[in-house]
Amino acid sequence: MKYDVLVVGAGPAGSMAAKTLAEAGLSVVMLEKRQEIGDPVRCAEAVSKRGLKDLVEVDPRWIAADLKGSRVFSPDGASIVLSEEQSGGKTGYVLERKIFDRTLAMEAACAGAEVMVKTRAQGLLKRDGKICGVSAIRSGDTFQIEAPLVIGADGIESKVGRWAGIDTTLKPKDISTCAQFLVKDESIDSNYCEFYFGNKIAPGAYAWIFPKGEKVANVGLGVLGSRSSGIGEPLRLLQEFMKSHLPKGKVVEMDVGGVPVAPQLEAMTTDGVMLVGDAAHQSDPLTGGGIITGMTAGVIAGEVAADAISRGDVKRASLRDYEDRWKEPNGNKLQRHYDLKEFFIGLTDEDLNNLLHSLTNEDTVKMDLRDMLKSLLKLNPKLLWGLRHVIF
Amino acid sequence: MLSVNRYKCCYCGACVSVCPTCSLELVETWIEVSQGCKECGICTKICPVGALEVKA
């Protein structure tokens with residue numbers, strides 16, 4: 001088996017890369033180690049409408065909720081409302097990832113990519129020191145697939161980068177470990193995403209209620225790895241959150257997973273290898289959102305890979321265009337968000353209460369995340385002194 | 001020794017991402033631990049459901 005490009009992982013980033021390559025006329029294969037694409041879900045499923053519309057044609061079959069805005073809660077229970085589309089690109093739609101991911105993979109397949117499910121990459125193949133494909137296993141059978149270029153879209157547990165010499169190991173302070181229930185409850189407001197902050201509620205991260213239709217929502221929370229004080233902390237805290245916020249909620253699904261909330265990788269490519277999506281730590285360290293960023297990177301990587309293959313040069317210098325195009329504006333923005341995250345995780349509950357209260361007389365309905373941060377900085381210069389150099 | 005409680009594990013792969021020796025692998029619905037594991041215990045604090053434990 002021989003292809004121009006091999007993509008490991010059929011999440012949104014991998015499928016966008018595979019689709020872009022197939023549309024450019026290249027032969028491409030995409031491996032997915034699970035037997036079902038998109039399931040089990042490891043995601044709170046919220047995306048910005050604008051971000052999504054820029055990348056794909058929106059299909060009502062995978063939109064679970066169309067939102068009016070967000071509500072942000074401080075530890076003492078006070079709240080403000082932010083407008084639709086404007087919450088840091090984090091709200092807009094809540095997706096049905098099980099259908100969404102599968103649809104994107106089908107689009108890649110229809111464009112000409114070959115999709116192999118229940119097929120796991122086990123290692124990179126090398127010939128004369130050059131990467132020339134992967135060794136894979138499917139239903140117990142080991143076989144080789146040749147390709148001069150491998151795109152690692154293999155998620156948070158990525159191995160492709162590490163096999164190729166890019167250290168993608170996450171430090172505990174750079175991963176948010178999360179648990180989520182799909183909950184049916186009469187109290188759920190199907191129009192608003194809710195974010196709950198507090199060092200006792202969700203240390204170093206936040207809890208969320210993201211509606212998925214009539215009285216149904218993803219209810220979950222994250223804990224920053226370095227703040228996880230016990231065994232199974234996210235699940236334990238989620239059970240407490242359910243007791244205090246949705247005591248009568250009926251749980252019909254459980255999802256867990258880790259989200260990179262990390263600084264930008266120094267290298268996202270090496271000779272014959274490119275990384276995209278969570279594998280490249282491209283999720284937003286401030287919000288945890290990674291669908292749009294991963295898909296965006298998938299498209300750029302696909303375009304650059306197609307160029308590199310047509311030139312017959314897959315050395316890092318030839319792939320660097322991907323990193324440059326990613327960096328501005330996406331990478332630089334995410335790096336700023338990392339700096340913001342590093343600052344905000346140091347705040348006490350009292351600080352968080354004061355920050356939110358400072359906004360209660362402001363017209364937050366018209367604000368997005370950036371506007372809100374600017375207002376906070378103006379209203380709380382002393383508390384946010386550490387952020388004076390961060391450009392919003 | 002690092003033990004994985006497969007009755008608790010939800011196979012999310014978070015543990016794999018923090019392993020400093022690249023000794024964990026998520027294979028569909030279970031975690032495989034390879035020889036390189038140094039029993040550092042980082043993964044036990046990251047697992048969202050507490051499925052990993054370093055046992056004496």
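Here is how names work: the chains are called A, B, and so on, in the same order as the sequence lines, proteins then strands, and each is numbered from 1.
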| request: May I ask you to say whether A:K212 pairs ionically with A:E45, meaning some side-chain N is under 4.0 Å from a carboxylate O? | output: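 Judged by the 4.0 Å cut-off on N to carboxylate O distance, A:K212 and A:E45 do form a salt bridge.
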
| Ion pair check, A:R236 and A:E233, cut-off under 4.0 Å |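 Between A:E233 and A:R236 there is a salt bridge, with a charged N closer than 4.0 Å to a carboxylate O.
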
| Non-hydrogen atoms of chain A under 4.5 Å away: do they reach the side chain of B:C22, the backbone, both or neither? |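 Both backbone and side chain.
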
| request: Tell me, for B:I46 versus chain A, whether the close heavy atoms (under 4.5 Å) come from the side chain, the backbone, both or neither. | output: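 Backbone plus side chain of B:I46, per the 4.5 Å heavy-atom cut-off to chain A.
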
| Between A:R120 (side chain) and A:L31 (backbone), is there a donor-acceptor pair under 3.5 Å? |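 Between the backbone of A:L31 and the side chain of A:R120 there is no qualifying donor-acceptor contact (under 3.5 Å).
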
| message | Between A:Y206 and A:T287 (side chain of the first, backbone of the second, donor and acceptor by atom type, cut-off under 3.5 Å), is there such a pair? | response |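 Between the backbone of A:T287 and the side chain of A:Y206 there is a qualifying donor-acceptor contact (under 3.5 Å).
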
Counting heavy-atom pairs under 4.5 Å with chain B, which one of [options] comes out on top?
options                        : answer
A:M254, A:R34, A:K171, A:K118  : A:K118
A:V223, A:I231, A:I137         : A:I231
A:T168, A:L237, A:T177, A:D167 : A:T177

| query | Which of parallel (below 30°), tilted (30 to 60°) and perpendicular (above 60°) describes A:F195 and A:F197? | reply |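 Ring orientation, 0 to 90° scale: parallel.
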
| message | Heavy-atom pairs under 4.5 Å with chain A: which of B:K45, B:E25, B:E53 has the most? | response |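 The residue among B:K45, B:E25, B:E53 with the greatest pair count is B:E25.
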
| task | Return the option, out of B:P48, B:A14, B:C10, with the maximum number of heavy-atom pairs under 4.5 Å with chain A. | result |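 Sorted descending by pairs with chain A, the first entry is B:P48.
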
| Engaged part of A:P40 at the chain B interface, taking heavy atoms whose separation is under 4.5 Å |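 Interface part for A:P40: side chain.
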
| query | So, for A:F241 and A:F181, is the gap between ring centers shorter than 6.0 Å? | reply |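 No, the ring centres sit 6.0 Å or more apart.
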
